[in-house]
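All residue numbers in this chain count up from 1 along the given sequence.
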Amino acid sequence: MQRIRLRYTKRGRLRFTSHRDFQRAFERALRRSAVPMAYSAGFTPHPKVSYANAAPTGVASEAEYLEIGLADVRDPEQLRAQLDASLPNGLDVIDAVEVRTPNFVERLEASEWQVRLDGVTPEEAARAAALFLAEERVEVERLTKNGVRVFDARGAVAALEILPSQVDAGADTVGERGRDVRTARPCAILRLVVRHATPAVRPDDVLSGLRATADLAPPVPAEVTRLAQGPLDEGTGTVTDPLALDRAAAPAGPVAAAEPRATASA
């Protein structure tokens with residue numbers, strides 16, 4: 001059995017796609033692309049697909065990962081292109097490698113997030129970030145299925161900074177003075193790196209921490225995009241490519257695809 005690891009995105013309005021919705025869309029794409037899937041054993045076989053650390057509903061992402069098992073050998077790049085063509089725009093398969101190394105989920109140590117705060121000036125955001133980072137512990141509350149849970153949002157944060165003028169992940173330009181060039185409203189862009197801890201700390205938990213320590217309360221909901229997830233370089237506070245080890249372990253030359261099976265003539 002050949003195993004392939006895929007990186008996919010949730011962009012634009014497709015950020016509101018739930019994980020269950022994506023699973024259904026991806027399984028339809030597998031059927032449309034005639035991917036030779038391997039199946040589990042038992043009375044109700046399922047295609048061998050495993051997902052890793054999916055982003056919450058409503059959050060955009062450039063770095064979601066899954067792994068599939070194939071009954072026949074396929075070229076990873078050709079498979080990627082076929083699946084991407086079978087998915088709606090916004091759910092885009094952007095990378096594929098053959099599995100060469102174990103313990104992939106353990107390599108997803110942290111996520112890098114971009115948080116767009118409309119109605120907040122860069123100066124306000126910078127002041128709030130400095131106050132947050134100065135704390136040793138920032139307790140926040142989150143309502144879970146088991147009730148209200150209190151945990152530390154500060155300990156999981158490896159980096160928090162205000163980005164200069166840029167084109168953000170949503171393709172909306174923020175000008176030199178920290179204003180949206182379309183509306184002229186103030187806008188701050190945060191870069192946030194969060195370790196994958198237990199309990200998981202999400203960007204909205206960090207925003208709750210900024211509200212608790214600096215009274216930062218954006219007038220509209222923040223737009224959040226996951227830019228990367230993978231191994232964390234503690235020295236630089238950056239997240240590196242989790243597929244790099246598989247690429248490095250791959251032999252030279254293209255993967256030989258299985259020949260199509262001949263069909264018997266009538």
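- To the nearest 0.5 Å, atoms CZ (Arg107) and CG (Leu243) are separated by 7.5 Å.
- Applying side chain to side chain donor-acceptor pair (under 3.5 Å) to Ser111 and the options Arg226, Arg202, Arg195 leaves one that passes, Arg226.
- Heavy-atom minimum distance, Ile68 versus Met37: CB-CE, 4.0 Å.
- Across all non-hydrogen atoms, the minimal contact from Phe151 to Arg142 is CZ-NH2, 3.3 Å.
- Within the 4.5 Å cutoff, the side chain of Leu227 has heavy atoms near those of the Thr225 side chain.
- The shortest distance between side-chain heavy atoms of Ser208 and Glu141 does not fall below 4.5 Å.
- Taken together through direct or relayed side-chain contacts under 4.5 Å among Ile, Leu, Val, Met, Phe, Trp and Tyr, Val193 and Leu190 form parts of separate hydrophobic clusters.
- Between the CG atom in Leu83 and the CG atom in Asp92 there is a gap of 12.0 Å [rounded to 0.5 Å].
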TODO: Could you please spell out the steps behind the side-chain contact (heavy atoms from CB on, under 4.5 Å) verdict for Arg28 and Leu87?
DONE: CA-CA 8 Å; Arg28 286 196 296 268; Leu87 285 166; over 6 Å; no
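- Counting only N and O atoms by type, the side chains of Thr57 and His19 include no donor and acceptor under 3.5 Å apart.
- A salt bridge does not link Arg7 with Glu62: none of the charged nitrogens is closer than 4.0 Å to a carboxylate oxygen.
- Side chain of Glu64 to backbone of Thr9: no donor-acceptor contact under 3.5 angstrom is found.
- Interatomic distance, CG of Asp84 versus CG of Leu91, reported as 9.5 Å (0.5 Å rounding).
- Ring centers of Tyr65 and Tyr8: at least 6.0 Å apart, outside the cut-off.
- Between the side chains of Asp21 and Ser18, at least one donor N or O lies within less than 3.5 Å of an accepting N or O.
- Val239 and Leu108 sit in two unconnected hydrophobic clusters of ILVMFWY residues. Membership requires side-chain heavy atoms under 4.5 Å apart, directly or through other members.
- Salt bridge Arg247/Asp241: present, at least one basic N to carboxylate O contact under 4.0 Å.
- By the 4.0 Å N-to-carboxylate-O rule, Arg5 lies close enough to Asp246 to be salt-bridged with it.
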Open item on the list: What verdict does the salt bridge (Lys or Arg N to Asp or Glu O under 4.0 Å) test give for Arg80 and Glu77, after you've listed the backbone C-alpha separation in whole Å, the side-chain angles of each residue and the deciding distance to 0.1 Å?
Closed with: CA-CA 5 Å; Arg80 182 209 65 77; Glu77 176 54 27; 3.0 Å; yes
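- Clustering ILVMFWY residues whenever any of their side-chain heavy atoms sit less than 4.5 angstrom apart, transitively, puts Leu160 in the very cluster that holds Trp113.
- Closest heavy-atom contact between Gly12 and Arg15: O-NH1, 3.0 Å.
- Interatomic distance, CG of Leu70 versus CG of Leu79, reported as 6.0 Å (0.5 Å rounding).
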Task: Glu223/Asp118 under side-chain contact (heavy atoms from CB on, under 4.5 Å): CA gap, chis, key distance, verdict - done: CA-CA 8 Å; Glu223 294 184 16; Asp118 283 298; 4.2 Å; yes
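- Between the side chain of Ser33 and the backbone N or O of Gln82 there is at least one donor-acceptor pair closer than 3.5 Å.
- Side-chain polar atoms of Thr213 and Arg154 form no donor-acceptor pair below 3.5 angstrom.
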- [ ] Take Val115 and Ile189 through the side-chain contact (heavy atoms from CB on, under 4.5 Å) test and state the conclusion after the steps.
- [x] CA-CA 6 Å; Val115 183; Ile189 305 293; over 6 Å; no
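- Atom OG of Ser50 sits about 4.5 Å away from atom CD of Glu67, to the nearest 0.5 Å.
- For the atom pair Leu6 CG and Leu66 CG, the distance stands at 5.0 Å (nearest 0.5 Å).
- With hydrophobic clusters built from ILVMFWY side chains whose heavy atoms lie under 4.5 angstrom apart, Phe132 shares a cluster with Val120.
- The closest donor-acceptor contact from the side chain of Lys10 to the backbone of Phe16 lies at 3.5 Å or more, if one exists at all.
- Heavy-atom minimum distance, Arg185 versus Pro219: NH2-CG, 4.2 Å.
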Open item on the list: Could you go through Arg3 and Lys48, starting from their C-alpha distance and side-chain angles, then the distance that decides it, and tell me whether this counts as side-chain contact (heavy atoms from CB on, under 4.5 Å)?
Closed with: CA-CA 9 Å; Arg3 292 184 296 153; Lys48 290 195 172 182; over 6 Å; no
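- Partner Leu216 forms a side-chain contact (heavy atoms from CB on, under 4.5 Å) with one of Leu117, Leu207, Leu131 and no other, that one being Leu117.
- In summary, Arg137 and Glu139 engage in a salt bridge, as defined by a charged side-chain N under 4.0 Å from a carboxylate O.
- A distance-only check finds no donor-acceptor pair linking the side chain of Asn103 to the backbone of Glu106 [under 3.5 Å].
- When all heavy atoms of Asn89 and Leu14 are compared, the pair lying nearest together is O-CD2, 3.4 Å.
- In this structure a side-chain-to-backbone donor-acceptor pair under 3.5 Å is missing from Arg31 to Phe26.
- Between Ala96 and Ile4, the shortest heavy-atom contact is CB-CG2, 4.2 Å.
- Side-chain atoms of Gln2 and Asp72 form no donor-acceptor pair, as typed in the model, at a separation below 3.5 Å.
- Cluster membership check: Val49 does not share its hydrophobic cluster with Ile94, using side-chain heavy-atom separations under 4.5 Å among Ile, Leu, Val, Met, Phe, Trp and Tyr.
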- [ ] Take Arg191 and Glu112 through the test salt bridge (Lys or Arg N to Asp or Glu O under 4.0 Å) and record every step on the way to the result.
- [x] CA-CA 7 Å; Arg191 173 183 172 269; Glu112 179 181 354; 3.1 Å; yes
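- Judged by distance alone, with hydrogens and angles left aside, the side-chain atoms of Glu27 form no donor-acceptor pair with the main-chain N or O of Arg24 at under 3.5 Å.
- Contact annotation: the side chain of His196 approaches that of Asn53 to within less than 4.5 Å [non-hydrogen atoms, C-beta and beyond].
- Between Arg100 and Glu98, at least one side-chain nitrogen of the basic residue sits less than 4.0 Å from a carboxylate oxygen of the acidic one, meeting the salt-bridge criterion.
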